[in-house]
Every structure is written in structure tokens, then in C-alpha cells.
Amino acid sequence: MIYRIVVSFYMAISFVMVMGQEKSDTMAITTLDEVLVTDDRGFLRDTRMGFHSFSADKIKTLPVIFGEPDLIKAFHTLPGVSAGLEGFSGLYVRGGENDQNLFILDGMPLHNVSHLGGVFSTFNAYSLKKTDFYKSAFPVSFGGKISSVTELQLSAPGIEKTVGSFNLGLISGSMFIATPIKKNKTSIAVALRRTWLDVVTVPTLAIINATTKSEGKKTIGGYHFIDGSLRLDHIWNSRLKSTLTGFYSGDSFKIGEERFGIEDGYETQYHKKDINRLKWQSYGISANMTANIWNGCLICDLYWTGAESKQIESQDSKYSDKLVTNTTSNINSINEWGLVESFDRDISDRTTLKFGMGQSLRRYNPDRRNMTRIDKNESYSLHGISNHISVGELAAYIECDWNPIDKMSVYAGTRIQTYISCNKNHLSVEPRLSMQFSLSKSLSVKVSYSEMSQFMQQVSSNYISLPTDSWLPTGTIGNPLKSNITSIGVYALSKNGYRISAEGWYKDMTGVAEFKEGVSIFNPNVAWSDKITFGKGWAYGCDVSLEKEFGNIHTNISYGLMWNMRKFSDLNGGKTFPAKFDNRHKVDISLNWTIRDNLILNTQWQFMSGNRTTVALYNIDLPNHFFPTAPFERPSDSLQGDYTGADLLTSRNNVRLPAFHRLNIGVTLTGKLHNGMRYSWNFGLYNAYCHMNAFTLTKDYVPKRPLDDPGWHRNFQVFSLIPVIPNISYTLNF
């Protein structure tokens with residue numbers, strides 16, 4: 001309580017001091033057009049390693065599935081970053097998992113950033129200004145996740161004039177409008193996107209149901225997603241401004257079947273309906289204050305964010321006047337309240353000091369189940385299981401940027417973080433250091449070391465990481481997930497304009513959580529804390545990038561080499577095994593060609609070693625069954641029918657799927673309308689030469705040939721999902 005009072009008093013005094021200076025300020029507020037300044041030698045002198053910045057324009061021109069501009073798919077073009085599965089927006093950075101990535105939107109952390117189980121990200125590219133992405137050398141102001149940090153900034157509303165855009169694509173439409181409320185004082189920006197997949201599928205379902213009506217069967221289905229953001233900016237004076245940001249994304253999916261009787265072509269009273277619904281959403285609101293005081297900059301962010309998913313299964317049975325309804329639901333959620341304060345100041349021409357604090361309170365509901373039954377007499381019974389857990393986190397940090405000499409830059413900082421729960425408390429000290437040495441005007445060497453801690457994990461029992469996977473406060477039942485990553489890199493600029501970088505890295509992880517053998521989130525009678533086991537992981541590799549401009553053609557070639565391993569005492573017999581996304585080699589080649597001022601061609605070719613999966617290559621006999629020739633043949637049991645024996649799993653992730661490769665092509669045509677508006681057409685081909693990349697592997701048995709030879713062969717088949725997909729979209733800017 002005393003801590004909160006001190007912080008509130010500190011913020012109030014700062015606000016009063018800034019407002020008190022308004023009368024003495026003689027500097028008029030002047031708004032300038034945005035200017036992009038680039039320095040080819042900047043990446044030589046910067047201490048940040050594994051850092052990439054993406055503009056909204058770059059994200060919107062990348063050729064992607066269904067023509068939906070996608071921030072996370074832009075990250076997939078980087079070495080050391082894997083998408084996981086074909087067509088999905090998973091993010092596996094330098095051996096990390098999908099739940100180990102921190103996303104900060106205008107000061108608030110987001111806990112779910114995907115639509116449709118990971119096919120699209122929740123960020124509307126037309127509402128973003130820029131994005132900073134870190135693979136290593138993390139600033140100490142960021143904490144809570146161990147693999148990557150993504151800092152997103154929404155486009156600031158125009159304070160002088162109204163601007164915006166409308167976009168129509170194959171599966172969705174979006175809009176963005178920014179306008180002043182009070183010129184040079186208050187402005188607002190609104191973005192909205194919605195898919196119309198649910199509308200498109202209506203005719204298809206109608207045709208299917210028309211053909212099955214005579215059988216007394218009706219198919220139920222539908223899916224849609226929506227996301228939106230709002231940003232309100234107000235300039236109090238030349239030293240103080242504030243921002244209010246809101247964000248929401250939601251998905252709704254249902255599938256089911258309805259049965260009814262048919263007499264003389266009409267439905268009878270008999271009725272049975274089974275529907276499964278899946279809903280998930282992410283939301284947040286933040287308030288920011290930025291003040292220039294004491295020859296420095298004070299920033300305060302107050303936020304509330306959350307994520308929730310629901311799985312609902314309902315069964316309705318009706319005959320005559322009798323109606324029975326059974327509903328089972330499983331809900332998991334996380335809500336977070338937080339306050340972050342930071343202050344930075346230039347101590348000298350060569351030294352900048354920054355320090356700050358952060359406080360957050362999280363409330364987890366990892367497993368809430370409800371079962372409801374209603375009969376014709378309206379008798380009602382409810383059985384529910386709820387498991388709320390509240391935890392607190394406090395953090396303080398200090399960092400310093402120092403340039404002792406022209407050829408050397410140093411970044412040093414420390415983050416101290418505490419985790420407080422009813423069961424366990426943890427104190428984590430996280431030192432971080434980055435150094436840059438200029439060997440010449442065109443060559444530099446950088447080294448970095450970062451420690452990170454994570455007190456919650458999203459453990460998945462599926463090959464796909466879904467937003468329905470519960471966030472679990474694993475720090476409450478075990479040690480926190482920790483990592484340390486060491487990097488060393490060489491960066492060069494050649495005389496003929498080549499930008500070359502090569503980074504070697506090693507990451508060590510402890511406290512990695514997985515489900516125990518034989519259990520998953522769907523085991524209702526086992527508490528989530530009893531389903532989890534902890535182990536360790538390590539990954540290492542090298543990221544190489546080559547970039548060059550040939551007139552109007554910009555090319556980039558990157559290569560990533562990686563090993564990614566795991567070890568658990570309770571899994572795989574305690575032996576080391578490769579991670580699911582142990583992608584050894586990854587190559588990305590991209591080309592951006594400005595053919596004319598209004599015509600741009602974008603191409604991207606990607607190759608990646610296949611993912612890992614667990615497959616039973618052999619089968620073994622079970623008691624009371626006759627299976628003498630295992631694992632070579634499939635015998636016939638007169639009592640049990642065809643019998644394959646039990647799967648023999650030699651080790652986890654023992655099979656590597658076939659290599660992945662794909663070509664994406666996009667063309668952008670722009671123009672102007674007579675009223676000053678601008679338009680752009682985007683045409684593209686996703687997976688242009690239709691290579692059916694492996695999604696997973698299936699196992700079956702086929703008879704030996706010739707057919708008169710008794711016995712069976714094991715048959716493994718690759719299952720693929722995504723063929724060539726054309727796309728087209730239209731954007732109107734004003």
C-alpha cells in the first residue's frame with residue numbers, strides 16, 4: 001500500500017510540474033510530415049543484436065495466404081524464426097516455444113495474438129505504424145517471456161487532417177480512420193477488421209443440407225473473427241501528452257449436426273441436435289502519460305488486459321413433449337492489471353541512463369468446467385469446478401547506454417523481478433549486456449548476453465498450439481522458466497553496397513513445462529498441477545543475412561542453422577530428444593522490384609527442414625493376443641478381427657517430416673483518383689508452384705503384393721493441407 005501511495009504521489013507531482021510550466025512555454029506545437037531517415041552504417045554501430053524493425057508498408061506488401069497482411073508472417077522471413085506448421089502464424093524463435101513471445105501493444109501485454117487457431121494474427125496491418133522485434137539482446141525494460149519481444153505501436157491519429165483507408169480482400173474487410181477532434185490538441189484513430197467466412201459458407205451449407213434433408217440430417221457450421229483498436233491522443237502542452245488505447249479480437253466457431261424424422265416429406269417432432277462451439281477472445285485497454293521533465297522523459301503506463309477461451313458442447317433431444325438439454329463447457333482465462341513507470345535522461349553526450357518499475361497482478365482460471373442438465377419439468381442441476389489463482393509480479397530495472405570511444409558502444413542493465421503467490425515466491429535477477437566494436441568503417445563485431453524469466457506457460461497437448469491452450473501459472477508449482485542466450489556476430493558493409501551479417505548464438509532453458517505421459521488438458525479428473533512435468537532445453541545455431549539493392553530491385557537472402565533439444569526426467573525415459581520444431585536448415589530469398597512508380601513485384605521463396613513428429617515405426621504383441629510375427633506382419637485374430645498390436649514408440653519426435661518449400665508471388669498496382677484519393681490493387685499467389693508441404697504423418701497397413709501372399713506392409717502417408725491459393729484485394733486511401 002505504501003508503495004502504491006508513493007508511486008501515485010510521484011505521478012501526481014510530475015503532472016502538476018508539467019502543467020505548471022504550460023504558461024512559461026513559448027514553443028508552439030508544430031506538426032511535421034513523417035520523414036524516414038536511413039543510415040547504411042547504423043546496423044554497424046547499434047549494440048542491439050537480433051533486432052529488426054518493420055514498417056506497416058513493408059508488412060502490407062508481403063505476399064501471404066489469402067492476401068491478408070500479417071505481421072507475424074513477416075517475422076517468418078527472418079533466420080532463426082520458424083512458423084511451426086504450414087500456413088500458420090506460430091512463432092518459434094531460436095529454439096523457443098510459441099508461448100514464450102512477449103507482445104506489447106502501446107504499453108499493454110497481449111496474451112493471445114492469433115485468429116483461426118493461428119492462421120492469421122490479430123493485428124490489423126493498416127492500423128500499425130511500426131514494429132520492433134528482438135530475438136536477443138533484450139532491453140531490461142522488457143520481461144516475463146524468454147524467447148522474443150515484439151513492441152508494436154499503433155498509428156498516431158492525425159492532429160491536423162483526417163486520413164484513412166478501406167480494404168476489401170477475399171475473406172475479410174478492414175477500415176482505418178484517424179481524425180482530429182480538436183485541431184492540434186485531441187485526435188482519435190479507429191481500426192476494424194472482420195471476416196465474412198460465415199457469410200460465404202451459407203450457400204455451401206444450404207446445398208449440403210438440401211441433399212441430406214431426405215435422410216433427416218442437417219449440418220450446422222460457421223466461423224468468423226473480428227478485431228479492432230481505438231487510440232485517443234491528447235496534447236496538454238509542449239511537455240505533456242497522454243494516450244488512451246483499446247484493443248479487442250474475437251473468434252467464434254461452431255460445428256454440429258441436427259437429426260429429425262421425415263414423414264411425407266415433412267419433419268416430425270423427433271429432434272436431436274449436437275453442437276460444439278469454440279470461442280476465444282483477447283482484449284485490453286491502456287492509458288499512457290509521457291512528460292518531458294527534469295531534462296528527461298517520464299513515461300507511465302496503466303493497463304488491463306486479458307484472454308479467454310470457451311469450449312461448449314450441447315446436446316438437445318426432443319420427442320413429443322419431452323425435451324432434455326445437456327451442456328458441458330470448459331473455460332480458461334487470464335486477466336492482468338499492471339502499472340509501469342520509466343524515466344530516461346541523457347547524462348552526457350555519450351551516456352544515457354534509464355530506470356523504471358513495474359507492478360502487475362494476474363488472475364488465472366486454467367480449468368473451469370460446468371455441466372448442466374435441463375429436462376421437461378425444468379429440473380436443473382449444475383456441477384462446476386473452478387480453480388482461480390492470483391499472483392503478483394514486481395519488477396525494477398536500470399540500464400545505461402555508453403559510448404566511451406567512437407569505435408565502441410556498451411549497453412548494460414539489470415532487471416530484478418519477484419513472483420508472489422500463495423504457494424511459492426521467486427526472486428529473479430536478470431543481467432543483460434551488449435557490446436559493439438568497430439574494427440573499421442565497414443566492419444564491426446558485437447557480443448551480447450541476456451537472462452530472462454517466465455512465470456507462466458501455455459502447455460499444449462496438440463501438435464498445433466491453439467489459443468484454447470490454457471495459460472498456467474507454472475511458477476506457482478515449480479521453478480520459473482528461465483533462459484540465458486549468448487550471441488556473437490560480425491557485420492559488414494562492402495564497397496559495392498552489400499550488407500552482410502552473421503550471428504552465432506546459444507540458448508539454455510530450464511523449467512520448461514510439458515504434460516506428463518498419458519495425460520492432457522482433457523483429463524477432467526486430474527488437477528492441472530498434477531498434469532505438468534518440468535525439464536530443460538537448449539538450442540544453438542547461426543543466422544546469416546545478405547542484403548543488396550540493384551537499382552530498383554531490393555534483394556535479401558538469409559540462412560538459419562539450428563539444433564533444438566529437450567530433456568525431461570519423466571518423459572522419453574529420461575533421454576534427450578529433439579523438439580517438435582527442430583528445423584535444422586532454413587533459407588529465405590526475397591525480391592522487391594519497383595518496375596514502375598505504380599507497379600511493384602514481390603516474391604519470396606522459403607525452404608526449411610521438416611518438423612519432427614512421433615511415429616510408431618513398429619508394433620508389438622499384447623497379452624492374450626496372437627502376434628508372433630511382429631513387427632513385420634499384421635495377423636488376423638478370429639475373436640478380435642484384424643489386429644495390429646500395440647504401437648511401439650521408440651522415442652519422442654523420432655521422425656523428421658519431408659522438407660518444406662514454397663514460393664509466394666505478389667503484385668501491387670497503385671494509382672490516384674480525381675478527388676485526390678489513392679488506391680492499390682494487390683494480386684498474389686500463395687504457394688505458387690503448389691508444393692504440398694507435409695502437415696503431419698499417418699500410418700496404415702496395406703496388403704502385400706501379390707495379393708495371394710498373406711501379410712501386410714506398414715504404409716506411411718504424408719498429410720498436406722494447403723495448395724496454391726490465389727488472392728486479390730483492393731485498398732482505398734484518403
Side-chain angles (χ1 to χ4, degrees), residues 36-44 46 48-65 67 69-83 125 130-133 135 441-444 489-503 541-562 583 585-609 659-670 680 682-689 691 727:
L36 179 63
V37 179
T38 60
D39 180 6
D40 284 340
R41 301 185 185 277
F43 86 112
L44 293 177
D46 199 337
R48 293 176 295 186
M49 298 183 65
F51 171 79
H52 302 270
S53 185
F54 292 84
S55 67
D57 290 338
K58 182 176 181 179
I59 296 169
K60 287 183 285 189
T61 58
L62 286 173
V64 291
I65 189 170
D70 196 299
L71 166 71
I72 297 180
K73 287 186 172 64
F75 297 161
H76 295 165
T77 63
L78 303 174
V81 179
S82 171
K130 73 168 187 173
T131 301
D132 292 338
F133 178 68
K135 294 187 293 184
K441 292 183 179 181
S442 58
L443 181 65
S444 68
V490 179
Y491 307 80
L493 277 173
S494 69
K495 293 182 179 179
N496 48 6
Y498 286 94
R499 293 164 53 110
I500 306 168
S501 66
E503 295 181 6
C542 180
D543 297 345
V544 180
S545 180
L546 174 66
E547 192 173 356
K548 167 67 174 169
E549 290 187 3
F550 301 91
N552 293 331
I553 300 177
H554 181 274
T555 60
N556 187 286
I557 302 174
S558 65
Y559 169 72
L561 176 65
M562 182 180 69
N583 307 116
H585 306 281
K586 181 173 182 286
V587 179
D588 283 272
I589 302 175
S590 62
L591 181 146
N592 179 285
W593 180 18
T594 304
I595 302 173
R596 298 198 306 264
D597 290 341
N598 66 336
L599 184 62
I600 300 175
L601 171 68
N602 281 282
T603 62
Q604 180 209 2
W605 184 79
Q606 187 177 90
F607 171 91
M608 186 171 65
S609 299
F660 160 102
H661 54 90
R662 182 189 64 222
L663 174 67
N664 300 331
I665 301 174
V667 176
T668 302
L669 178 66
T670 61
S680 65
N682 288 276
F683 308 91
L685 288 175
Y686 183 87
N687 194 11
Y689 54 78
H691 180 258
N727 63 74

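The line from CD of Gln604 to NZ of Lys73 is 11.0 Å long, rounded to the nearest 0.5 Å. In this structure, OG1 on Thr77 lies 7.5 Å from CG on Asn556, to the nearest 0.5 angstrom. Rounded to the nearest 0.5 angstrom, His554 NE2 and Ser590 OG are separated by 7.5 Å. Taken to the nearest 0.5 Å, the CG atom of Asn682 stands 9.0 Å off from the CG atom of Asn602. Here the straight-line distance linking atom CE of Met562 with atom CG of Asp543 works out to 9.5 Å at 0.5 Å rounding. Asn598 CG to Thr668 OG1: the interatomic distance, rounded to the nearest 0.5 Å, is 11.0 Å.
For Asp132, the side-chain hydrogen bond (donor to acceptor under 3.5 Å, both in side chains) partners two or more places apart in sequence, or in a different chain, are Ser53. Considering only residues two or more places apart in sequence or on other chains, Arg48 meets the side chain to side chain contact (heavy atoms under 4.5 Å, CB included) condition with Asp46, Phe51, Tyr134.
Counting all heavy atoms, side chain and backbone alike, Tyr491 lies closest to Leu44 at O-CD2, 3.4 Å. Ala56 approaches Ala125 most closely through the heavy-atom pair CB-O, 3.8 Å. Between Ile59 and Ala74 the shortest heavy-atom distance is CG1-CB, 4.4 Å. Leu443 and Ala492 make their closest contact through CD1-CB, 3.9 Å (heavy atoms, listed as atom of the first residue, atom of the second, distance). Nearest heavy atoms, Leu599 versus Leu669: CD1-CD1, 4.2 Å. Taking all atoms of both residues into account, the shortest heavy-atom contact from His691 to Ala659 is CE1-O, 4.0 Å.
Other residues, nucleotides and ligands contribute more than 12 heavy atoms inside 6.0 Å of the NZ atom of Lys548.
No option in Leu663, Ile665, Asn664 other than Asn664 meets the side-chain contact (heavy atoms from CB on, under 4.5 Å) test with Tyr686.
Ring geometry for Phe607 against Trp605 counts as parallel: the plane angle stays under 30°, on a 0 to 90° scale with 60° as the upper cut.
Residues Leu591 and Ile589 are not in side-chain contact: their nearest non-hydrogen atoms beyond the backbone lie 4.5 Å or more apart. Side chains of His585 and Leu561 form a contact here, defined as non-hydrogen atoms less than 4.5 Å apart. Residues Gln606 and Lys586 have side chains in contact (heavy-atom distance under 4.5 Å, counting atoms from C-beta outward). For the pair Thr555 and Glu547, the minimum side-chain heavy-atom distance is 4.5 Å or more.
Separation of the Tyr689 and His661 ring centroids falls under the 6.0 Å cut-off.
Judged by distance alone, with hydrogens and angles left aside, the side-chain atoms of Lys135 form a donor-acceptor pair with the main-chain N or O of Pro79 at under 3.5 Å. For Glu549 (side chain) and Gly497 (main-chain N/O), no donor-acceptor pair under 3.5 Å exists by modelled atom type.
Using a 3.5 Å distance cut-off with no hydrogens or angles, the side chains of Asn583 and Ser609 do not pair a donor with an acceptor.
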